[in-house]
Amino acid sequence: MEHDLRVVTMNLFAPDNADWDRRRPVLADGLARLRPDVVALQETVWGNGYDQAVDLLGDGWHVARHSGRSADGVGAALATRWPLGTVRELDLHVTERVDLPWSAVVVAEAEMPPPVGTVLVVHHKPAHQIGYAHERELQAVAAARFVERLLGGRDLHVVLMGDLDDTDDSASVRFWTGRQSLHGFSVAYQDAWAAVHPHDPGHTFTPVNPLQRTGTMPLETGRRIDYVMVRCGTHGPSLEVVDCRRIFDRPVHGVWASDHFGVLADLRVPARRPGDG
C-alpha cells in the first residue's frame, strides 16, 4: 500500500530479561525487512561500548535519546532515517511515585523528504505501574502542552508514538485521542490502530506471548498499550493512516522478539487536507 511515512514503536524487553542472543537477529532482520522511516524504541540499552539501537538498525540513522537511564543502561531512543533538527525533552516525574529514570517526552523535528516535510516526532514514556492512572493523566497533559508550545502555531505534522502503558479506554489515552479533556485542557490525536481496526482490541502486551509471563506482570490478561497517533487539527488528522499492524507478534523459529508486540503505521499526506474546501 502506498505511503509517504512508515513509523514503528517497539518495546525491546531489555536484553537482561531474556535470551538476547536469540532475540537479536529476529529484531534486526525484522526491522530491516520492514524498512521504517522512524523508530521509537523502549527498554533499549546503550553504554559500555554497546548501543542496542545502532546494533539493530545499522548505520545512517539519526538518534535522539531520552536523557535518563536506569542503572543498567536501559532507556528509550528515537531514530529516523532523515536529519533531525531541534530536539527537546520534558521530564515527566510529576509526582514522587514516578520512579522510572527515563520517564519523559522527547520531541524532535525530523526533516522528511517531500511531500511530508518537517514532522514533529513525539516519543512519550509515562509511568508504567498499575494503579498510576493519576500520574499518566498528569504526564499526558504536560506532554501535550509541551508539544503545543513547541509547535508555536506552526502548521506541521505531529506523530506521537510509544509504550503509553494504558488502554484505549483509560483517561490518559482518551485525552490523547480527543475523547475527554483533563485539567482544563484538550487535544486530539488519531489512534492509528483504531483508524484501521475499529473493532479489534489489538493487544500488544498479552499472555499469548510467552515472554510476557516471564516479566514483572505474570498475571496480565492482555492489553493494547503501544501506540502510534497523528495530531489532528480542528477538522481531522494532517496525515492519513493507510495501514496499521502489529509487528513481531509471532515467533520466528520458536523465538519471540520481545514481551511486547510492536506497532507499525503507514501514513500518507492526503490529497485534500482536512479543513480545505
Side-chain angles (χ1 to χ4, degrees), residues 6-66 68-81 100-102 123 125 128-129 161-165 193 201-228 243-266:
R6 172 168 285 186
V7 299
V8 161
T9 185
M10 184 72 199
N11 185 312
L12 295 176
F13 198 34
D16 288 346
N17 291 325
D19 187 355
W20 174 243
D21 289 341
R22 298 180 68 213
R23 294 193 294 120
R24 179 197 169 279
V26 174
L27 284 160
D29 293 348
L31 289 167
R33 184 177 64 256
L34 293 169
R35 294 190 56 78
D37 299 296
V38 181
V39 180
L41 299 175
Q42 305 89 43
E43 289 196 40
T44 185
V45 300
W46 65 96
N48 296 322
Y50 179 65
D51 189 322
Q52 188 183 32
V54 172
D55 179 33
L56 292 177
L57 296 171
D59 297 327
W61 288 76
H62 304 266
V63 182
R65 306 182 192 279
H66 283 51
R69 280 186 291 170
S70 302
D72 55 0
V74 175
L78 177 66
T80 78
R81 292 187 182 274
L100 187 69
W102 42 288
H123 191 185
K125 183 53 191 165
H128 67 281
Q129 293 95 328
M161 59 188 70
D163 172 7
L164 304 191
D165 275 306
W193 178 267
H203 292 169
T204 59
F205 191 60
T206 165
V208 169
N209 180 346
L211 286 185
Q212 184 272 319
R213 291 199 179 276
T214 71
T216 59
M217 297 181 179
L219 301 185
E220 175 64 54
T221 59
R223 293 177 286 158
R224 180 162 71 92
I225 60 177
D226 302 87
Y227 296 86
V228 174
D243 191 24
C244 186
R245 61 185 186 269
R246 296 186 308 189
I247 56 175
F248 303 109
D249 59 347
R250 61 197 66 189
V252 176
H253 303 302
V255 178
W256 294 81
S258 173
D259 64 336
H260 284 239
F261 301 152
V263 178
L264 177 150
D266 285 334

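Quantities reported herein were computed from a predicted structural model and do not represent experimental measurements.
The distance from the CG atom of Leu12 to the NE2 atom of His260 is 10.0 Å, given to the nearest 0.5 Å. Expressed to the nearest 0.5 Å, how far NE2 of His128 lies from CG of Asp163 amounts to 9.5 Å. Atom-to-atom distance recorded for Thr44:OG1 and Trp46:CH2 is 7.0 Å, nearest 0.5 angstrom. Distance check: Leu264 CG to Trp193 CH2 gives 11.0 Å after rounding to the nearest 0.5 Å.
In terms of heavy atoms, Leu31 sits closest to Phe248 at N-CZ, 3.9 Å. Across all their heavy atoms, Gln212 and Thr206 have their closest contact at CB-O, 3.4 Å. Val39 and Pro36 get closest at one heavy-atom pair: CG2-CG, 3.4 Å. When all heavy atoms are compared, the tightest approach of Val263 to Asp226 is CG2-O, 3.4 Å. Of all the heavy atoms in Gln42 and Gly162, the pair that sits closest is NE2-CA, 3.7 Å. Here the shortest heavy-atom pairing between Phe205 and Ile225 reads CB-CD1, 3.7 Å.
Enclosure of atom CZ in Arg250 is not indicated, since only 12 or fewer non-hydrogen atoms of other residues, nucleotides or ligands lie within 6.0 angstrom.
Between the side chain of Trp61 and the backbone N or O of Leu57 there is at least one donor-acceptor pair closer than 3.5 Å. Between the Gln52 side chain and the Val45 main chain, a donor and an acceptor come within less than 3.5 Å of each other. Side-chain N or O atoms of Thr214 include one that pairs as donor or acceptor with a backbone N or O of Leu211 at under 3.5 Å. Between the side chain of Thr204 and the backbone N or O of Gly262, no donor-acceptor pair lies under 3.5 Å. The closest donor-acceptor contact from the side chain of Arg33 to the backbone of Ala28 lies at 3.5 Å or more, if one exists at all.
Taking a cutoff of 4.0 Å between a charged side-chain nitrogen and a carboxylate oxygen, Arg6 and Asp266 qualify as a salt bridge. Electrostatic pairing of Asp165 and Arg223 does not count as a salt bridge here, judged by no charged N lying under 4.0 Å from a carboxylate O. A salt bridge between Arg65 and Asp51 is present, with a side-chain N of the basic residue lying under 4.0 Å from a carboxylate O of the acidic one. Electrostatic pairing of Asp243 and Arg245 counts as a salt bridge here, judged by a charged N lying under 4.0 Å from a carboxylate O.
Counting heavy atoms from C-beta outward, Pro101 and Arg69 have side chains that stay 4.5 Å or more apart. Residues Asp55 and Arg24 meet the side-chain proximity criterion, which asks for heavy atoms closer than 4.5 Å. When side chains are defined from C-beta on, Val8 does not count as touching Val38, because their heavy atoms never get closer than 4.5 Å. Contact of the Asp259 side chain with the Asn11 side chain is registered, since non-hydrogen atoms from C-beta on lie closer than 4.5 Å.
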- Just do the side chain to side chain contact (heavy atoms under 4.5 Å, CB included) check on His203 and Phe261 with the steps written out, would you? CA-CA 8 Å; His203 292 169; Phe261 301 152; over 6 Å; no
Margin query: Under the criterion side chain to side chain contact (heavy atoms under 4.5 Å, CB included), I'd like the reasoning laid out for Val74 against Trp102: C-alpha separation, chi angles, the key distance, then a yes or no.
Written below: CA-CA 8 Å; Val74 175; Trp102 42 288; 4.0 Å; yes
Please assess Arg22 against His253 for the test side chain to side chain contact (heavy atoms under 4.5 Å, CB included), listing each intermediate value before the final yes or no.
CA-CA 10 Å; Arg22 298 180 68 213; His253 303 302; over 6 Å; no
Note to self: Walk me through whether Ser258 and Glu43 qualify under side chain to side chain donor-acceptor pair (under 3.5 Å).
What the structure shows: CA-CA 10 Å; Ser258 173; Glu43 289 196 40; over 6 Å; no
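Trp256 does not carry Arg23 over the face of its six-membered ring by the limits of under 6.0 Å from the centre and within 45° of the normal.
Test His62, His123, His66 against Leu78 for side-chain contact (heavy atoms from CB on, under 4.5 Å) and you get one pass: His123.
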